[in-house]
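Everything on this sheet refers to the single structure shown next.
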Amino acid sequence: MAARTSLLPAGERFSSWLELVSQTVVPVEVDSDAAADSKATIRTVELGEVTVMSLAIPPARARRTSKLIRRSDPELFQLGLNVQGPAQTSQHGRTVALNSSDMVLFDSSHPFHNVSGNHGRSGTDMMVLFPRRLLPLPESKVGKLLVTALPGHDGMGALVASHVRGLIKHSGQCRPVDAARLSAVTVDLIAAMLAHHLDEDRVLPEDTSRRALLVRVHAFIDQHLSDPELSPQTIAAAHHISLRSLHRLFQTQDSTIAGWIRDRRLERCRCDLSDPMLADRPINAIAARWGFTNAAHFTRAFQAAYGLRPNDYRRQQQVAQVTHIWRA
């Protein structure tokens, strides 16, 4: 779901945005110096009990009061990712200032005060909301990380941030059947990030650790597809696990790890062959870009996957693009 207040009359924008926030997040009191002509967007991805949101908002101050909590409390954890602009969160007597890409965890059951943007500059945030009971970590330990800056530019934080951005970006491709899996993976990644900051990896349930590790491995593979030396051995070594453990990890993927690498490389090649900006690039160069060192092997693998030889597929895509332009 996506909503833009810019489509409404200026006088109705702020009240409409506040109503939508209260419906999709939790009820809060909000004020803004830009309320008279506020322009905001909210994009929401519902994954069962997990909600992922992207918010572009004017400079604003949001307060969740004891009165609002008594009226309604869904008992949620909220993980905020500060994408752009200054931000500040206060709760439990703590106040944290957030830089771009920083994350902060807070909860809906206690009063909080959030400030987004200042000096007329808007802010952009992403947020994950999920029931506290879903987080497979003791709340006494999680409490140590509430309202602290969690870096999102490297390590597990970067993986969580990338995952959240991907959910927002590709939300239109998510099928209802994907919701349960994606919600579980989202909470698992957040749990793994928190456990890392607590230096408490051993407290994570085995299933949570396994799913979080699988996401890390998938991300590592995508980052190194261009390396022709990428192999199960190098992947296992990079994640400090045995080759046997790596193969066991992929038993849930309906594919071997070598097959997964091949399929991801083929998909990148297919996208490049469809790109009119790369129409002059030799097919062998595209194959080499994504780790295929043997042109004949690449052609056979591509035809087996997509039913056409690479040059025939490119030609088909070029005809389709010209036809689309002509009809438009």
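In this chain, numbering begins with 1 at the start of the sequence shown. Every heavy atom of this structure was used, including side-chain atoms; hydrogens, water molecules and symmetry mates were not. Keep in mind that what you see is a predicted model, and the values were worked out from it rather than measured.
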Do [X] and [Y] come within less than 4.5 Å of each other through their side chains, counting heavy atoms only?
X	Y	result
Phe77	Leu129	no
Leu150	Leu79	yes
Ile168	Val52	yes
Ser242	Ser245	yes
Leu204	Leu137	yes
Leu273	Pro310	yes
Thr44	Thr51	yes
Met193	Met103	yes

Check whether [X] reaches the backbone of [Y] with its side chain - one donor and one acceptor, N or O, closer than 3.5 Å.
X	Y	answer
Arg211	Ala184	no
Gln317	Asp275	no
Ser183	Ala179	yes
Ser108	Leu76	yes
Thr234	Leu230	no
His297	Thr293	no

Going from [atom1] on [X] to [atom2] on [Y], what distance comes out if it is rounded to the nearest 0.5 angstrom?
X	Y	atom1	atom2	value
Ser209	Leu214	OG	CG	12.5 Å
Lys144	Leu105	NZ	CG	15.0 Å
Phe298	Trp290	CZ	CH2	12.0 Å
Cys269	Tyr313	SG	OH	11.5 Å
Glu139	Arg132	CD	CZ	5.0 Å
Thr89	Leu98	OG1	CG	5.0 Å

With a 4.5 Å cut-off on side-chain heavy-atom distances among I, L, V, M, F, W and Y, is there a chain of contacts connecting [X] to [Y]?
X	Y	value
Leu182	Val217	no
Leu135	Val164	yes
Val215	Leu249	no
Trp260	Leu225	yes
Ile69	Phe130	no

Modelled atom types, side-chain donor and acceptor of Ser231 and Gln233, under 3.5 Å: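 Side chains of Ser231 and Gln233: pair found under 3.5 Å.
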Polar contact flag, side-chain donor to acceptor under 3.5 angstrom, Asp107-His92: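 Asp107 vs His92: donor-acceptor pair found between side chains.
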For the student: nearest non-hydrogen atoms of [X] and [Y], plus distance:
X	Y	value
Val142	Leu198	N-CD1, 4.5 Å
Pro136	Thr208	CG-OG1, 3.6 Å
Leu266	Ala305	CD1-CB, 3.9 Å
Leu278	Arg314	O-NH2, 3.0 Å
Ser72	Arg64	O-NH2, 2.6 Å
Pro151	Asp102	CA-OD1, 3.9 Å

Check against side chain to side chain contact (heavy atoms under 4.5 Å, CB included), Val45 and Met53: CA-CA 6 Å; Val45 183; Met53 304 179 65; over 6 Å; no
Worked check of side chain to side chain donor-acceptor pair (under 3.5 Å) between His163 and Thr186: CA-CA 8 Å; His163 176 74; Thr186 302; 2.8 Å; yes
Test side chain to side chain contact (heavy atoms under 4.5 Å, CB included) applied to Arg165 and Met126, step by step: CA-CA 8 Å; Arg165 290 190 183 96; Met126 293 185 181; 3.8 Å; yes
Mutual orientation of the aromatic rings belonging to Phe112 and Phe106 [parallel < 30°, tilted 30-60°, perpendicular > 60°]: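 Taking Phe106 first and then Phe112, their aromatic rings stand perpendicular (interplane angle over 60°).
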Aromatic ring pairing His218/Phe250, orientation class (parallel under 30°, perpendicular over 60°, tilted between):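 His218 and Phe250: perpendicular rings.
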Side chain to side chain contact (heavy atoms under 4.5 Å, CB included) between Val104 and Asn82, worked out: CA-CA 8 Å; Val104 62; Asn82 186 41; over 6 Å; no
Option passing side-chain hydrogen bond (donor to acceptor under 3.5 Å, both in side chains) with Glu267 (candidates Arg270, Arg264, Arg265):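 Of Arg270, Arg264, Arg265, side-chain hydrogen bond (donor to acceptor under 3.5 Å, both in side chains) with Glu267 is met by Arg270 alone.
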Other residues, nucleotides, ligands: >12 heavy atoms within 6.0 Å of Arg309 CZ: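 Counting other residues, nucleotides and ligands, CZ of Arg309 stays at 12 neighbours or fewer.
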Worked verdict on Glu75 versus Arg133 for salt bridge (Lys or Arg N to Asp or Glu O under 4.0 Å): CA-CA 8 Å; Glu75 299 186 354; Arg133 59 180 170 74; over 6 Å; no
Stepwise salt bridge (Lys or Arg N to Asp or Glu O under 4.0 Å) check, Asp272 with Arg289: CA-CA 10 Å; Asp272 281 3; Arg289 178 189 183 190; 2.7 Å; yes
Verdict with reasoning, Leu213 to Ile241, per side chain to side chain contact (heavy atoms under 4.5 Å, CB included): CA-CA 10 Å; Leu213 176 58; Ile241 59 176; 4.3 Å; yes
